[in-house]
Structures are given as C-alpha cells and as structure tokens.
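Comments concern the structure below.
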Amino acid sequence: GNIKRLTSDVERLRRKVAELEKTCEISSLRDRLTKEEQRGEDLQRQLIGVGEKESGLQSRMDQVDEQLKPENLDRLQVYGSTRPEQIRESTRNRLTNEKQRIQTQLDQLQQSKTRLQNSLNVTDMVVQRLRLQLQNAARP
C-alpha cells in the first residue's frame, strides 16, 4: 500500500502544481492586460491633446489667411503714415511668416497623430490578444 499512497500523493502534488501554474499564468496575463489598457488610455489622452492643439492652430491659420487677403491688406488702417504701402508689405511679410510657422507646427502635429494612432492600433491588438489568452487560461 506504500507505493499506492506515494503514487496518489505525487498525483495530488502534480495537480496542485498545475493549478498554481495556471493561477500564476492568469495573474501574469491580468497584469499585462492592465498595463496595456492603461497604455491605451494614455495614448487616447495624448491623441485628444494633439487634436486640441491642432484645432487651435487651425483657427489661427484661418484668421491669418483672412488677414492676408489682398482686400483686407488694402483696408489696413495706416493713419498718419507717409508710407502706407510699406506698412502693408511688412504686415504681409509678418503674416506670411506666421502662416509658415503654423503650417510647420500643423505638419508636426499630423506626424504625432499618425504615430500615436499607430501605437494605439497596436495596443488595441495586444489587448484583444491578452483578453483571449486570459479567457483560454481561465477555462477549467
């Protein structure tokens, strides 16, 4: 009966080890899932921030475009100036430079947006994969 008892003890210990390994795997998957979900939320927040900056710059760009229209430059109030054309020209230059700066910033934000969106897509795929692994691991 000794061998029989030892065999059943070993079998019981094997089952216990398998349960512990499964518990460990589930715990590890949960931790990774939580991390990835937080990463996804962080990327969402960053994307929203980029969108807000972009929106502010775009409305400034619209204002500059409006001010740069020839009819609006011609309407510039140049009281008491003996050189109205010079004032209009310097205003046109200043606005044109600002427009180029804004465009550069908009281009950079567009690149950030693309990069963040790609990262978010990858993170979403990882989250889906981890959820599936977790479901499978949790099955009896």
Side-chain angles (χ1 to χ4, degrees):
N2 234 358
I3 290 180
K4 205 173 196 173
R5 203 179 67 242
L6 283 174
T7 304
S8 95
D9 283 353
V10 165
E11 198 42 56
R12 206 175 64 249
L13 285 171
R14 274 202 186 119
R15 279 196 306 271
K16 194 111 181 122
V17 165
E19 277 172 37
L20 285 170
E21 282 173 346
K22 188 170 206 165
T23 302
C24 261
E25 182 193 5
I26 288 173
S27 175
S28 162
L29 284 168
R30 275 204 188 110
D31 287 349
R32 285 172 55 205
L33 180 59
T34 300
K35 256 190 213 137
E36 288 299 322
E37 285 172 337
Q38 287 168 346
R39 181 176 146 72
E41 288 167 17
D42 183 50
L43 288 166
Q44 281 294 88
R45 272 192 299 277
Q46 289 181 51
L47 260 172
I48 290 168
V50 167
E52 288 168 353
K53 282 181 196 160
E54 196 176 32
S55 168
L57 282 170
Q58 193 54 62
S59 63
R60 180 59 192 142
M61 180 71 99
D62 295 343
Q63 291 170 350
V64 169
D65 282 338
E66 188 60 32
Q67 291 172 315
L68 271 171
K69 287 182 179 171
E71 63 270 23
N72 291 332
L73 281 170
D74 290 343
R75 258 190 246 131
L76 269 183
Q77 301 300 320
V78 285
Y79 295 124
S81 171
T82 52
R83 301 195 191 113
E85 221 13 80
Q86 204 173 19
I87 291 177
R88 289 190 183 102
E89 190 52 37
S90 75
T91 301
R92 184 182 297 112
N93 290 338
R94 182 178 53 76
L95 290 169
T96 302
N97 289 337
E98 183 178 357
K99 185 180 163 110
Q100 287 168 342
R101 276 196 310 277
I102 293 172
Q103 190 56 58
T104 300
Q105 290 174 299
L106 283 170
D107 294 343
Q108 289 167 346
L109 287 175
Q110 190 54 57
Q111 289 170 2
S112 292
K113 222 160 76 169
T114 302
R115 202 175 52 248
L116 287 167
Q117 193 56 63
N118 290 340
S119 296
L120 189 58
N121 292 343
V122 170
T123 300
D124 286 345
M125 285 192 306
V126 171
V127 163
Q128 293 307 321
R129 199 183 66 231
L130 286 169
R131 283 184 182 150
L132 204 61
Q133 288 176 327
L134 198 53
Q135 270 179 356
N136 292 336
R139 285 205 183 101

Next on the checklist: Between E85 and R88, is the salt bridge (Lys or Arg N to Asp or Glu O under 4.0 Å) condition met? List the steps.
Outcome noted: CA-CA 5 Å; E85 221 13 80; R88 289 190 183 102; 3.6 Å; yes
Item to check | Gap separating the CG atom of N93 from the CD atom of E89, nearest 0.5 angstrom | outcome: 4.5 Å
Checklist entry - Going by heavy atoms in the side chains, are V17 and R14 under 4.5 Å from each other? => result no
Next on the checklist: Please report the interatomic distance CG(L116) to CD(Q44), rounded to the nearest 0.5 Å.
Outcome noted: 10.0 Å
Item to check | Side-chain donor-acceptor contact under 3.5 Å, N121 with Q117 | outcome: yes
Checklist entry - Are M125 and L47 connected in a single hydrophobic cluster, I mean Ile/Leu/Val/Met/Phe/Trp/Tyr linked by side-chain heavy atoms less than 4.5 Å apart? => result no
Checklist entry - Would N2 and R5 satisfy side-chain hydrogen bond (donor to acceptor under 3.5 Å, both in side chains), going step by step from the backbone distance to the final call? => result CA-CA 5 Å; N2 234 358; R5 203 179 67 242; 3.2 Å; yes
Next on the checklist: Please check if the number of heavy atoms outside K35 that lie under 6.0 Å from its NZ is greater than 12.
Outcome noted: no
Checklist entry - Taking side chain as C-beta onward, heavy atoms only, is L132 less than 4.5 Å from Q135? => result yes
Checklist entry - Can you find a heavy atom in the side chain of E98 that is under 4.5 Å from one in the side chain of R60? => result yes
Item to check | NZ/NE/NH1/NH2 to OD/OE distance under 4.0 Å, R39 and D42 | outcome: no
Checklist entry - Just how far is it from atom CD of Q63 to atom CG of L95, taken to the nearest 0.5 Å? => result 10.5 Å
Next on the checklist: Quick check for you: to the nearest 0.5 Å, what is the distance between R94 atom CZ and L68 atom CG?
Outcome noted: 9.0 Å
Item to check | Heavy-atom pair with the smallest gap, counting every atom of V64 and I102 | outcome: CG2-CD1, 4.3 Å
Checklist entry - Is the side chain of S28 donor-acceptor paired with the backbone N or O of C24 at a distance under 3.5 Å, no angle test? => result no
Item to check | Pair E37 + R131, salt bridge at N-O below 4.0 Å | outcome: yes
Checklist outcome for this item: Output for pair (D65 CG, N72 CG), nearest 0.5 Å, gives 11.0 Å
Next on the checklist: Quick one, Q128 with D124, criterion side-chain hydrogen bond (donor to acceptor under 3.5 Å, both in side chains). Give me CA distance, side-chain angles, the key distance, then yes/no.
Outcome noted: CA-CA 6 Å; Q128 293 307 321; D124 286 345; over 6 Å; no
Checklist entry - Between D107 and Q103, does a side-chain hydrogen bond (donor to acceptor under 3.5 Å, both in side chains) hold up when you go through it step by step? => result CA-CA 6 Å; D107 294 343; Q103 190 56 58; 2.9 Å; yes
Item to check | Residues, nucleotides or ligands: over 12 heavy atoms within 6.0 Å of I3 CD1 | outcome: no
Checklist entry - Any sub-3.5 Å donor-acceptor pair from S27's side-chain atoms to T23's backbone N or O? => result no
Checklist entry - Just by modelled atom types, is the G51 backbone N or O under 3.5 Å from a matching donor or acceptor in the S55 side chain? => result no
Checklist entry - Where do Q58 and L106 come nearest, in terms of heavy atoms and distance? => result OE1-CD1, 3.6 Å
Checklist entry - Under the side-chain contact (heavy atoms from CB on, under 4.5 Å) criterion, do K4 and S8 qualify, and how do the steps go? => result CA-CA 6 Å; K4 205 173 196 173; S8 95; over 6 Å; no
Item to check | Closest contact, heavy atoms only, S112 versus V50 | outcome: CB-CG2, 4.4 Å
Checklist outcome for this item: Between E36 and T123 the two heavy atoms that sit nearest each other are O-CG2, 3.3 Å
Item to check | Approximate separation, where rounding is to 0.5 Å, of R129 CZ and L33 CG | outcome: 11.0 Å
